[in-house]
> 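Mind having a look at this structure? Questions to follow.
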Amino acid sequence: MEKLRRVVKEIAYAQDYTKLSTLHQSLIPILSLASSLYKVVLSIRHYLYHLGFFSKHRFPVPVISVGNLTWGGNGKTPMVEFIASWLADSGISPLILTRGYAGGDEARMLTRHLRGKSVKIGVGANRAATAACFLKRHGYLDPRDYLVEGNWHEQGSRINSRKIGVVVLDDGMQHWSLQRDIEIVMVNGLTPWGNHQILPRGPLREPLKALGRADVVVVHHANLVSEHNLRDIKLMVQEVKKSLPIFFTRMSPLHFFEVGNMNTRIPLDIICNGVMLCVSAIGSANAFVQGMEKMGTLYVDRLDFSDHHSLRDTDIEMIRMKLKELEDKFGSMPVVVITEKDYDRDPEILRHLSPYKVMALCSELQIIPCRCNGDDDFKKLLKEMVEVKILGANQN
C-alpha cells in the first residue's frame, strides 16, 4: 500500500508523463476514470448543498476555517495554531475542531504547543456534534461583547475567557456541513497544484475555481520558492478571484528535542557540519529536507513515507540500514531528524534506533512581511472580516 501511495503521488506531481515508468503509465487510465467519477460525485454533492437538500450547521460564535485544495503539506495545522494562539493572547478562547486523522498526531501536537493557553481542542469526524458538546459544557460568548467597541484585546481582557469565543476549523474547506465566516485557503508554494488534476489522478480535492469561495489565500513555504514561481501562484489565484488578499508564510526552526526526553531544548547549531538522516511521514517532505539543508549540515539524506504513515518494525530496520550506510561512508554516527508531527504519531518506536540519536525539530509558522501583508496586517484583516460578517448580519 505504501508503494502504491508513492506511485500515485509521483503521477500527481509529474510534469512529463513520458518520463514515467511503465507501471506509472499503466495506472493513469484507471486513475483518470476514478477522477472523473469523483468529480461527478463532487458536483452532485455541491449542487445538493446549494439547493438546501443538506443542511448547514451554524454555530453561535464566529467560525474561521483553515483548509486547502490539495493533499497535505500546506501548513493548515500550523496556521490553526497561529490563529488560536493569537485569539487566546487577545483574551478570546477558541475551540479548535479537528478530525484527529490517523491516530490524532496533529491534535496531540496542538495540545502540547497550546498547553497553558485558554484553547480547547475538539477531536472527532462529526465536528458539529463535537462542537455542540464543547459549547454546552463551557458556554460561549456573544461575539458582540468583544466586537462592538472594535478592540479585541481590551474587550477580551474583560470577558470570561473560559467561554468559547471563536471556532477554528482545521482542514475545513471541504467540510461543507458547517457554515463559516472566514475561509482561509493554504497553498503549498513548492507544489501548488501538481498536474492540475482532481483526485486520485492529481492532488486537487476540488477544481481550482473553488478558490472563489476563499476570503484569504496563504502561500506556505514561500521562503523556499523563487520570486518567479511566487508571482505565477499569485497570478493564478487572482485569475480565479482578483480581490483575494494573499499572504506568505514559512516554518521557522526554533530548536530540537531528543526523542525520549522532550523537555530538552537543543540549539539548532548542534547539527553544523554533521551528517543527518531526515525521516518523515508528512505531506511536504521536500520542505522539511530543504530546511535542514539550509542549516549548515555537512550532508543530508532522507527517507520519506506517505503522510500519516505509522512506522513499523520493517521501516525501523530500513532506517537502521540507511544509518549504517551513512556511518560507513562518513566515518561518524549520523543523527536522525524527524518532525514534531512524526514524534507525536508514535514516540516509542523511534527509541528502537538506539544507539543512534533521534531528534525532533520544533518549528513555528511565521508570516513573511511582503509589502503591506505582514503579521499585524493578517491579524487586522481577520478581525475586520469577522466584524463585517457578524455585526453586518446583526444590522440586517
Side-chain angles (χ1 to χ4, degrees), residues 9-19 64-80 82-83 171 173-174 182-199 201-253 282-295 363-382 384-385:
K9 187 171 183 178
E10 288 168 356
I11 293 171
Y13 289 103
Q15 300 299 315
D16 185 358
Y17 285 171
T18 62
K19 295 181 180 180
I64 300 174
S65 168
V66 181
N68 60 286
L69 283 178
T70 60
W71 289 332
N74 301 274
K76 296 184 301 295
T77 304
M79 175 56 77
V80 166
F82 178 90
I83 293 171
D171 198 6
M173 188 174 186
Q174 286 75 39
I182 301 177
E183 186 81 79
I184 300 173
V185 177
M186 305 294 295
V187 177
N188 185 342
L190 290 170
T191 53
W193 327 112
N195 59 10
H196 292 239
Q197 300 293 320
I198 298 290
L199 291 170
R201 181 177 170 180
L204 290 176
R205 295 176 171 183
E206 297 183 68
L208 282 178
K209 66 180 181 181
L211 284 171
R213 302 202 309 270
D215 296 298
V216 182
V217 165
V218 178
V219 181
H220 194 44
H221 301 310
N223 59 310
L224 303 175
V225 184
S226 69
E227 287 295 326
H228 174 75
N229 287 344
L230 288 177
R231 281 196 299 270
D232 285 347
I233 295 171
K234 188 173 181 178
L235 286 172
M236 185 162 288
V237 168
Q238 291 177 335
E239 280 183 12
V240 178
K241 190 174 182 181
K242 190 171 181 61
S243 61
L244 263 180
I246 301 175
F247 290 82
F248 302 95
T249 57
R250 66 189 290 260
M251 291 306 294
S252 177
I282 56 176
S284 184
N286 285 341
F288 172 46
V289 174
Q290 287 182 36
M292 289 299 302
E293 289 172 341
K294 288 189 170 187
M295 292 169 62
S363 303
E364 67 176 7
L365 181 140
Q366 289 184 348
I367 294 178
I368 301 172
C370 181
R371 296 179 183 174
C372 295
N373 289 356
D375 187 293
D376 292 338
D377 303 291
F378 181 76
K379 295 172 182 175
K380 181 181 178 183
L381 179 64
L382 294 192
E384 290 174 349
M385 285 181 170

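Every heavy atom of this structure was used, including side-chain atoms; hydrogens, water molecules and symmetry mates were not.
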> Using side-chain hydrogen bond (donor to acceptor under 3.5 Å, both in side chains) as the criterion, list what pairs up with Asp171, not counting sequence neighbours.
Arg205
> Please report the closest heavy-atom contact between Tyr13 and Gly194, naming both atoms and the distance.
CD2-CA, 3.4 Å
> Taking the side chain as every heavy atom from C-beta outward, state whether Phe378 and Met79 have any atom pair closer than 4.5 Å.
yes
> Run the side-chain hydrogen bond (donor to acceptor under 3.5 Å, both in side chains) test against Asp16 and tell me which residues pass, sequence neighbours left out.
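Asp16 satisfies side-chain hydrogen bond (donor to acceptor under 3.5 Å, both in side chains) with Thr18 once adjacent residues are dropped.
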> Flag the pair Tyr17 / Ile11 as yes when at least one side-chain heavy-atom distance between them is below 4.5 Å, and no otherwise.
yes
> Grab the two heavy atoms, one from His220 and one from Gly75, that are nearest each other, plus how far apart they are.
CD2-CA, 3.5 Å
> With sequence neighbours left out, write down each residue that passes side-chain hydrogen bond (donor to acceptor under 3.5 Å, both in side chains) with Lys379, or none if nothing qualifies.
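Applying side-chain hydrogen bond (donor to acceptor under 3.5 Å, both in side chains) to Lys379 gives Asp375.
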> Restricting to non-hydrogen atoms, name the atom on Ala214 and the atom on Val185 that form the minimum distance, rounded to 0.1 Å.
CB-CG2, 3.5 Å
> Walk me through whether Ile184 and Ile83 qualify under side-chain contact (heavy atoms from CB on, under 4.5 Å).
CA-CA 11 Å; Ile184 300 173; Ile83 293 171; 3.6 Å; yes
> State, with a plain yes or no, whether a side-chain heavy atom of Ser363 is found less than 4.5 Å away from one of Ser252.
no
> Can you tell me which residue pairs pass the salt bridge (charged side-chain N to carboxylate O under 4.0 Å, His left out) test with a partner in residues 182-192, sequence neighbours excluded?
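Counting only pairs at least two positions apart or across chains, the salt bridge (charged side-chain N to carboxylate O under 4.0 Å, His left out) contacts touching residues 182-192 are Arg180-Glu183.
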> Could you check whether any side-chain heavy atom of Trp193 comes within less than 4.5 Å of a side-chain heavy atom of Val187, counting everything from C-beta outward?
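Contact flag for Trp193/Val187 side chains = yes.
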> When you measure from the side chain of Asn373 to the backbone of Ile246, do you find a donor-acceptor pair of N or O atoms at a distance under 3.5 Å?
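It does hold such a pair.
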> Looking at CG of Leu381 and CD1 of Ile182, how far apart are the two atoms once the value is rounded to the nearest 0.5 Å?
7.5 Å
> For Glu206, which residues count as a side-chain hydrogen bond (donor to acceptor under 3.5 Å, both in side chains) partner, sequence neighbours excluded?
Gln174, Arg213
> Taking all non-hydrogen atoms of both residues, which atom of Ala222 and which atom of Leu230 are closest, and how far apart?
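Scanning both residues completely, I find the closest heavy atoms to be O-CD1, 3.9 Å.
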> With heavy-atom distances below 4.5 Å as the criterion, would you say the side chains of His221 and Asn286 are in contact?
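The answer is no, as the side chains (C-beta and beyond) never meet within the 4.5 Å cut-off.
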> For the side chain of Asp377 and the backbone of Gly374, is there at least one donor-acceptor N/O pair under 3.5 Å apart?
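Yes, because the side chain of Asp377 sits within donor-acceptor range (under 3.5 Å) of the backbone of Gly374.
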> Would you indicate whether the side-chain heavy atoms of Phe82 and Ile367 approach each other to under 4.5 Å?
yes
> Could you give the distance from CG (Asp215) to OG (Ser65), rounded to the nearest 0.5 Å?
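OG of Ser65 is found 9.5 Å from CG of Asp215.
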> Of all heavy-atom pairs between Leu69 and Leu211, which one has the smallest distance, and what is that distance?
CD1-CG, 3.6 Å
> Supply the atom-to-atom distance Asn188 CG to Leu224 CG, rounded to the nearest 0.5 angstrom.
9.5 Å
> Would you please test Val66 and Lys76 for side-chain contact (heavy atoms from CB on, under 4.5 Å) and show each step?
CA-CA 6 Å; Val66 181; Lys76 296 184 301 295; 4.2 Å; yes
> How far does CD of Gln290 sit from CD of Glu293, to the nearest 0.5 angstrom?
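Interatomic distance, Gln290 CD to Glu293 CD, rounded to 0.5 Å: 6.5 Å.
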> Which residues satisfy the side chain to side chain contact (heavy atoms under 4.5 Å, CB included) test with Lys241, sequence neighbours excluded?
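Scan of Lys241 (side chain to side chain contact (heavy atoms under 4.5 Å, CB included), adjacent residues dropped) gives Ser243, Leu244.
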> Just so I know, are the side chains of Val217 and Ile233 near enough to count as touching, which here means a heavy-atom distance under 4.5 Å?
no
> Could you check if a side-chain atom of Val216 sits within less than 4.5 angstrom of a side-chain atom of Met385, using non-hydrogen atoms only?
yes
> Drop me the distance from Met251's CE to Ser284's OG, to the nearest 0.5 angstrom.
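Between Met251 CE and Ser284 OG, I get 11.0 Å after rounding to 0.5 Å.
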> With a 3.5 Å distance limit and no angle check, can you tell me whether Asn195 reaches the backbone of Arg201 through a side-chain donor-acceptor pair?
yes
> Atom OG1 in Thr70, atom CE in Met186: separation rounded to 0.5 Å?
10.5 Å
> If you look at every heavy atom in Ala210 and Met173, which pair is closest and at what distance?
O-CE, 3.5 Å
> Walk me through it: do Glu239 and Leu208 pass the test side-chain contact (heavy atoms from CB on, under 4.5 Å)?
CA-CA 10 Å; Glu239 280 183 12; Leu208 282 178; over 6 Å; no
